[in-house]
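Reading through the C-alpha cells given below for one structure.
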Amino acid sequence: MRHTIPSNLGFTSLITLTLLGACAGEPEVYIPWIASQPAVSLELYEIIDHKTQASGQDIPKWVVLYEDENERVPGIERLPEYQDAYIFIGELAGTNFNILQQWSSGFILSKDLSGLVASRILSRLTKTITSSPEGEYGRFFEALIKAAFNTEYTDATQEADFWVLKQYFKEDGVTPDLDRKVYDFLILISINKTSLQLQINRIFNTLSTIPLTKSQTLSVSHLKETFYNFF
C-alpha cells in the first residue's frame, strides 16, 4: 500500500513558547506554533514491514487510519470503540530501531501524556484565528499552554503500541530511495471525553483572573464556549 504525505517548503512563521517543567531543575520544554502553510509537494512511501508482519497479522485499523493523511486522529476517534474518547498518539520516527524501541518501552503515560494534551490544546487555540494567538488571547494563551503542559491527566489508558517501516520513493514516485527507510513508532492513548473536558475546564478556571483587553476577553470567552466543538 502506497501513501503520500505533504512536504511544506519555504518560509514558515514560527512562535516558540517556553514551557516550564513540572518540577524544579527539569529542562525547559519548547512547543512551537507554526502558521499554517499549504502543502506544496507530496512524498510517496509504502510500508514494507511492521510489528506483526512476521506473524502474518494485518496492520491494526487505528494505525492504518493514523498513517492516512486524510484521517489521522479524527479517523481513529470515529471508530465505534473510541466514540466516547479522545485519542492521542505518541510518535517517534527514525532509522535506529533499538533506540526507538527503547523510547516506546520507556513511555510513561502519567508523564508523557501532558505534552500531547498541551500540543492538542495549542492546535485548538490556533485553529480558528488568523492573527497571532498571543494577540488574540493575550497572556491567557501562554498561561493556558504552560498549565496544560504541567498538568498530570488522569483516567487515560495506553491502549496499544505499534511500529511500521516506511520505504520512501524518489521524485518520480517509482524508484525507491534506498537511503530513506524510516521506522515510525506509535503509541495509542485514549481518555474519556467527559473526564478530559472536566480536567481542562479546571485549568480554565485557574486562569480566570488573568488581565486582558476587552477584545481579548471576548475572544477567550468565545473560546471557552466553543472549545470542544473544534478540539
Side-chain angles (χ1 to χ4, degrees), residues 1-14 16 27 29-79 82 86-109 111-120 122-123 126 149 156 158-190:
M1 180 184 299
R2 292 193 174 195
H3 307 259
T4 55
I5 60 173
S7 176
N8 291 325
L9 302 177
F11 175 79
T12 57
S13 173
L14 179 64
T16 303
V29 178
Y30 299 91
I31 294 183
W33 175 71
I34 302 175
S36 60
Q37 297 256 326
V40 296
S41 67
L42 293 174
E43 291 189 291
L44 187 66
Y45 70 87
E46 67 176 334
I47 294 174
I48 59 174
D49 195 9
H50 58 80
K51 182 179 179 180
T52 58
Q53 181 167 294
S55 59
Q57 300 179 52
D58 293 332
I59 299 175
K61 181 65 173 179
W62 68 270
V63 176
V64 173
L65 289 170
Y66 186 73
E67 295 291 352
D68 184 339
E69 285 297 320
N70 295 316
E71 294 289 349
R72 308 294 280 179
V73 167
I76 301 174
E77 290 180 342
R78 286 194 295 270
L79 292 174
Y82 298 125
Y86 289 119
I87 294 298
F88 296 88
I89 301 292
E91 180 177 12
L92 190 63
T95 59
N96 191 313
F97 182 89
N98 291 332
I99 290 177
L100 294 168
Q101 193 169 50
Q102 289 175 16
W103 167 81
S104 181
S105 300
F107 189 90
I108 301 174
L109 184 59
K111 177 182 177 181
D112 296 326
L113 178 59
S114 61
L116 297 175
V117 176
S119 181
R120 183 158 174 172
L122 175 63
S123 176
T126 61
F149 184 84
Q158 186 169 324
E159 300 277 355
D161 62 81
F162 207 79
W163 61 262
V164 297
L165 177 60
K166 299 175 178 179
Q167 169 67 72
Y168 285 85
F169 292 84
K170 295 185 177 181
E171 291 184 1
D172 62 11
V174 177
T175 308
D177 186 345
L178 299 181
D179 294 326
R180 291 197 65 197
K181 290 183 180 180
V182 179
Y183 289 99
D184 197 6
F185 273 65
L186 307 171
I187 296 174
L188 173 67
I189 301 157
S190 69

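Taking NZ of Lys166 as the reference point, atom CG of Leu44 lies at 12.0 Å (rounded to 0.5 Å). Summarising the geometry, atom OH belonging to Tyr45 is positioned 4.5 Å from atom CD belonging to Glu67; distances are rounded to the nearest 0.5 Å. To the nearest 0.5 Å, the span separating CG on Leu79 from CG on Leu65 amounts to 5.5 Å. The distance from atom CD1 of Ile59 to atom CZ of Phe162, rounded to the nearest 0.5 Å, is 5.5 Å. Note: Gln167 CD to Arg180 CZ = 9.5 Å, rounded to the nearest 0.5 Å. The distance from the CD1 atom of Ile89 to the CD1 atom of Ile189 is 7.5 Å, given to the nearest 0.5 Å.
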Apply the test side-chain contact (heavy atoms from CB on, under 4.5 Å) to residues Phe149 and Val117: give CA-CA distance (whole Å), side-chain angles for both, the deciding distance (0.1 Å), then the verdict.
-> CA-CA 7 Å; Phe149 184 84; Val117 176; over 6 Å; no
Check step by step if side-chain contact (heavy atoms from CB on, under 4.5 Å) holds for Val63 and Val164.
-> CA-CA 9 Å; Val63 176; Val164 297; 4.1 Å; yes
For side-chain contact (heavy atoms from CB on, under 4.5 Å), just list the numbers for Asn96 and Tyr183, CA-CA rounded to whole Å, side-chain angles, deciding distance to a tenth of an Å, and then say yes or no.
-> CA-CA 8 Å; Asn96 191 313; Tyr183 289 99; over 6 Å; no
Apply side-chain contact (heavy atoms from CB on, under 4.5 Å) to Leu113 and Phe88, showing your working.
-> CA-CA 8 Å; Leu113 178 59; Phe88 296 88; 4.1 Å; yes
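Considering only residues two or more places apart in sequence or on other chains, Tyr86 meets the side chain to side chain donor-acceptor pair (under 3.5 Å) condition with Gln197. Looking at residues two or more places apart in sequence or on another chain, you find a side chain to side chain contact (heavy atoms under 4.5 Å, CB included) between Arg72 and Tyr66, Glu69, Pro74, Glu91. The side chain to side chain donor-acceptor pair (under 3.5 Å) search around Glu77 returns Arg120, not counting sequence neighbours. Residues satisfying the side chain to side chain contact (heavy atoms under 4.5 Å, CB included) criterion with Ser114, sequence neighbours excluded, are Tyr153. For Glu159, the salt bridge (Lys or Arg N to Asp or Glu O under 4.0 Å) criterion is met by no residue, not counting sequence neighbours. For Tyr82, there are no ring pair (Phe, Tyr, Trp, His ring centres under 6.0 Å) partners at least two apart in sequence or on another chain. Asp58 meets the side chain to side chain donor-acceptor pair (under 3.5 Å) test with no other residue; sequence neighbours excluded. Here Asp179 pairs with Asp177 under the side chain to side chain contact (heavy atoms under 4.5 Å, CB included) rule; sequence neighbours left out. In this structure, Glu171 has no side chain to side chain donor-acceptor pair (under 3.5 Å) partners at least two apart in sequence or on a different chain.
Checked against the 6.0 Å centroid threshold, Phe97 and Phe185 count as a close aromatic pair.
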Sequence neighbours left out, cut at 3.5 Å: what donor-acceptor pairs do the side chains of residues 98-106 make with other protein atoms?
unit_1: Ser105; atom_1: OG; unit_2: Gln101; atom_2: O; d: 3.0

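In this structure, the side chains of Phe169 and Glu46 come closer than 4.5 Å at one or more pairs of heavy atoms. Looking only at side-chain heavy atoms (C-beta outward), Val182 and Tyr168 come within less than 4.5 Å of each other.
Side-chain N or O atoms of Asp68 include none that pairs as donor or acceptor with a backbone N or O of Val64 at under 3.5 Å.
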